[in-house]
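Input: a single structure, listed below in structure tokens.
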Amino acid sequence: MSASTQALRPQPAPPRRSWLRPSVREALWGFAFIGIWLVGLVLLTAGPMIASLVLSFTDFNMVRPDDVKFVGLDNWTRMISDPTIATSLIATLKFAVITIPVTMLASLGFAVLLNQPRLPAKGPLRALVYMPMMIPLVASTLVWMGFLNTNTGWLNDILRALGLGGPDWINSTLWVYPALSIMGLWGIGNFMLINIAGLQSVPTELYDAAKIDGAGRWQSFRRVTIPMMSPVLLYNLVIVLIGTFQYFTQAYVMTNGKGDPDNSTLFMNLVLYREGFVFNHMGYAAAIAWLLFVIVLVLTLVLFWFSRKRVYYAGGDR
Amino acid sequence: MTVVGVTARETGRSFSDRSPVARAYRRYLGRSMLLMLALVIIGAYLLPLLYMATTALQQPGQSTTPGAPIWPAVPQTATYQGQPYPVYAVPMPDGSTRSLMLVDPGRESSTFVDPNDPSQTPIEWQGRWRTLQQAWTFAPLVDNFTTAWTQLNFPLLLRNTFGVAALSTIGAVLSSVLVAYGFARFRFPGKNLLFIILIATIILPFQVTLLPQYIMFTRFGWNGTWLPLIIPHCFANAYNVFLLRQYFLTIPRELDEAAMIDGAGPLRILRSVVAPQSIAAITAVALFHFFFSWNDFFVPLLYLASKPELQTVSIALTSYNTLYATQPTLIQASALMSMAVPIVVFLLAQRAFMRGVVVTGVDK
């Protein structure tokens, strides 16, 4: 073989010279790629989390940031006796009790309806239900406030036409929670799509087996679909729960942050915003933020613990 | 129908039920009934959008006028002898109702003229004209849009919102692609634990990091700039990384290896093999983030409240609402304009969006 033909043959690139073992090099590359996230985790998540815990034991105030005193548990004890905190906790819980079931049922209902094998044009219909997710929350809140208006809104027009007296939706301390839950229906798009994927992941053999055993439609839904979908439902429930405790924009836009009527929409996040950014009580606001975090964490853990026996993972133990 | 061969088993059901035509017809009927049901429910679900569009086209004050229709309309008038007169729906003695213009109102009886034929003799009508319903004609009003457009300075708002969303989307997509690639293709100590931490940040309420971040960004002099809206997104986020990692895992490693043999390093493999194969997932992430940023409210509220020239649509809309809360026509027109861009883009790219949701929600 002459030298000229050898030169024409495609040459494999010379291996890079490295004094590191391949496995070490791979690990370094891995860290290099996830590095940016690690930096963010330390600077924007872990660091601030600890900082806000520290902050909650101080009287930090944005107006005089250099004059910080350590006040021990003052913020925390004040929180326990603060009637605003109690009011906002109760408001948040009242809202959660109504809105979580409404969201879960509506998203499951839409998923079942829009996953019917005989339904034509499933794709466009699903897109229509998902579409309100894309509307800026401020805009959709303004639309709903008009729609729910006691005197000029269409919902009360419809109720009156049916011979029912429409309630005073957003001005009533009782009806404001259902009103906000109805508004929240425009946010079910993600949950619906996830439920549809869950419905489609149920093996059809199970339905056939249930049919042979004489199960009707409702029974096979109750005994086959729901258990097989339980991990998906749990995921949705956790996300809805977290969203409920972080509720802010709609309540803020509705009352310009005041929490009307009679503090019934003064949710925890609104109190936090007011204390931290309107009254400049940053230390106290940090304590509220941590309270919120602890509540969400505990509720999530309770959900997971509670669901151990009730959620079925087809992939085996987890 | 008398056909030989109908067996006893089929009694109780007429034979025609079983014919292919009847079955196809029944199936068609079932499908269209189902479609009708779905359309009615979705129609009710989206009814507030129709309310918004209608109100945005109405004259100010129409919704509070008694007897006004729900569609955009103005009281109908007609001219008689060079003068405009209002038109009323007048019940006639023979039981019919005619649209007539009121030329001479009186307490107990009034004079009406048929607007279609003014040369006819005027009609004397017995009764109180104040009890009559005014006739309305369809009149969509575009002025609300132009008014809200200039009052809000919409061109500036759209430019700001687009600028913030585009910059933070670039940061979010680039960082998430890098991190997802790291998690999908490399072995390193602590990888599983780090991935669990990444996913756990989904449950973390943002409030718990909010105040120190605010203090930090204010110290940096970033308060009143776009930086707090953009920089925090340049460190990858859990949803995006998860979606992209799931997608990267489906790309055969043989492709990477082939590139490696050709001398490509990890960055080159990402750029020339993995990323081009994942355009669908990257598009989904980019769209999600773009609209998250477009619609974001809380962070712009914190950092841009005092800077009208840098504000985004959502913030300006809120202050507009507090100023003009009594004018639903302007509010609904501004809401409609602010949702036009996201909705149009969504309808064009809905498949990419909807696939992305399912990946992040189910493959856990």
Side-chain angles (χ1 to χ4, degrees), chain A residues 12-13 26-27 29-31 33-34 36-37 39-40 44-45 48-49 51-52 55 113 116 118-120 125 127-131 134-139 142-144 146-147 152 154 190 193-194 197-198 232 235 242 246 248-249 253 256 269 272 276-277 282 285-286 289-290 292-293 296 300, chain B residues 30-31 34-35 38 41-42 45-48 51-52 55 63-64 175 178-179 181-183 186-189 201 203 205 207-213 232 235-236 261-263 266 291 295 297-298 302 313-314 317-318 321-322 328 331-332 335 338-339 342-343 346 350 354 357-358 361-362 364:
Chain A
E26 187 182 343
W29 271 113
F31 280 118
F33 279 113
I34 69 161
I36 194 154
W37 170 66
V39 171
L44 295 172
T45 308
M49 265 182 81
S52 73
L55 215 56
L113 175 66
Q116 291 294 318
R118 289 181 308 150
L119 181 71
L125 292 177
L128 282 178
V129 177
Y130 188 85
M131 187 182 72
M134 284 296 118
I135 298 174
L137 267 182
V138 176
L142 296 178
V143 172
W144 275 103
F147 189 76
T152 59
W154 281 12
N190 278 343
L193 291 181
I194 291 168
V232 166
Y235 171 83
I242 295 166
Q246 298 192 6
F248 181 81
T249 305
V253 173
N256 202 24
N269 222 350
L272 187 147
F277 300 100
M282 288 258 175
W290 261 86
L292 200 73
F293 172 52
V296 169
T300 311
Chain B
R31 284 167 68 100
L34 203 58
L35 181 63
I41 292 175
I42 294 173
Y45 177 74
L46 296 177
L47 198 59
Y51 162 82
M52 171 189 66
T55 309
S63 59
T64 48
S175 60
L178 290 176
V179 175
Y181 182 59
F183 275 117
F186 299 90
R187 273 167 304 178
F188 49 86
T201 59
I203 326 184
Q207 294 90 341
V208 83
T209 59
L210 177 75
L211 297 158
Q213 279 188 15
F235 295 92
I261 289 167
D262 289 346
F291 287 108
N295 295 341
F297 178 72
F298 195 84
L302 284 190
V313 171
S314 285
L317 215 55
T318 327
N321 176 48
T322 46
I331 295 298
Q332 299 304 329
S338 75
M339 68 176 73
I343 284 193
F346 166 72
Q350 33 121 341
M354 288 163 51
V357 175
V358 172
V362 180
K364 285 248 155 97

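Protein chains get the first letters and strands the later ones, always in sequence-line order, with residue 1 at the start of each. Note that the structure is predicted; figures quoted are calculated from it, not measured.
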Q.
Assess the residue pair B:Val208 and A:Leu292 against the criterion (side-chain contact (heavy atoms from CB on, under 4.5 Å)); give the C-alpha distance rounded to whole Å, side-chain angles, the decisive distance to 0.1 Å, and a yes or no.
A. CA-CA 8 Å; B:Val208 83; A:Leu292 200 73; over 6 Å; no

Q.
Taking side chain as everything from C-beta outward and backbone as N, CA, C, O, which of these in B:Pro328 sits under 4.5 Å from a heavy atom of chain A? Side chain, backbone, both or neither.
A. neither

Q.
If we define contacts as heavy-atom pairs under 4.5 Å, which of A:Leu272, A:Ile242, A:Leu55 has the most with chain B?
A. A:Ile242

Q) What residue, out of A:Val39, A:Thr152, A:Val296, has the most heavy-atom pairs lying under 4.5 Å from chain B? A) A:Thr152

Q | B:Leu302 versus chain A, the contacting section by heavy-atom distance below 4.5 Å | A | side chain

Q | Non-hydrogen atoms of A:Leu142 and B:Gln332 that approach each other most closely | A | O-NE2, 3.3 Å

**Q.** Working for side-chain contact (heavy atoms from CB on, under 4.5 Å), residues A:Leu137 and B:Asn295
**A.** CA-CA 7 Å; A:Leu137 267 182; B:Asn295 295 341; over 6 Å; no

Q: Taking all non-hydrogen atoms of both residues into account, name the closest pair between B:Phe346 and A:Ala127 and its distance.
A: CE2-O, 3.4 Å

Q) Which pair of heavy atoms, one from B:Pro212 and one from A:Pro48, lies closest together, and at what distance? A) CG-O, 3.1 Å

**Q.** Backbone N/O of A:Thr45 and side chain of B:Gln213: donor-acceptor pair under 3.5 Å
**A.** no

Q: Side chain from CB out, backbone as N, CA, C, O: work out which of these in A:Trp37 comes under 4.5 Å of a heavy atom of chain B, or both, or neither.
A: both

Q | chain A contact via B:Thr55 - side chain, backbone, both or neither, heavy atoms under 4.5 Å | A | neither

Q.
Does any backbone or side-chain atom of A:Val253 lie under 4.5 Å from a heavy atom of chain B? Answer side chain, backbone, both or neither.
A. both

Q: Measure the acute angle between the ring planes of B:Phe188 and A:Phe31, then classify it against the limits of 30° and 60° as parallel, tilted or perpendicular.
A: tilted

Q.
For B:Tyr45, which atoms come within 4.5 Å of any heavy atom of chain A: side chain, backbone, both, or neither?
A. both

Q) By a 4.5 Å heavy-atom criterion (distance strictly below it), what part of A:Thr300 contacts chain B: side chain, backbone, both, or neither? A) side chain

Q) Which atom pair, heavy atoms only, marks the closest approach of B:Ala38 to A:Leu113? A) CA-CD2, 4.0 Å

Q) When rounded to the nearest 0.5 angstrom, what distance separates CD1 in A:Ile34 from CZ in B:Phe186? A) 11.0 Å

Q) Checking B:Tyr51 against chain A: side chain, backbone, both or neither under 4.5 Å from a heavy atom? A) both

**Q.** Between A:Phe293, A:Phe277, A:Phe248, the one whose heavy-atom pairs under 4.5 Å with chain B are most numerous
**A.** A:Phe277

Q. Checking side-chain contact (heavy atoms from CB on, under 4.5 Å) for the pair B:Thr209/A:Leu44: CA distance, chi angles, key distance, verdict?
A. CA-CA 7 Å; B:Thr209 59; A:Leu44 295 172; over 6 Å; no

(Q) If you count heavy-atom pairs within less than 4.5 Å of chain B, which of A:Gln116, A:Arg118, A:Met282 leads? (A) A:Arg118

Q: Report the option among A:Ala286, A:Gly276, A:Gly40 that has the most heavy-atom pairs separated by less than 4.5 Å from atoms of chain B.
A: A:Gly40

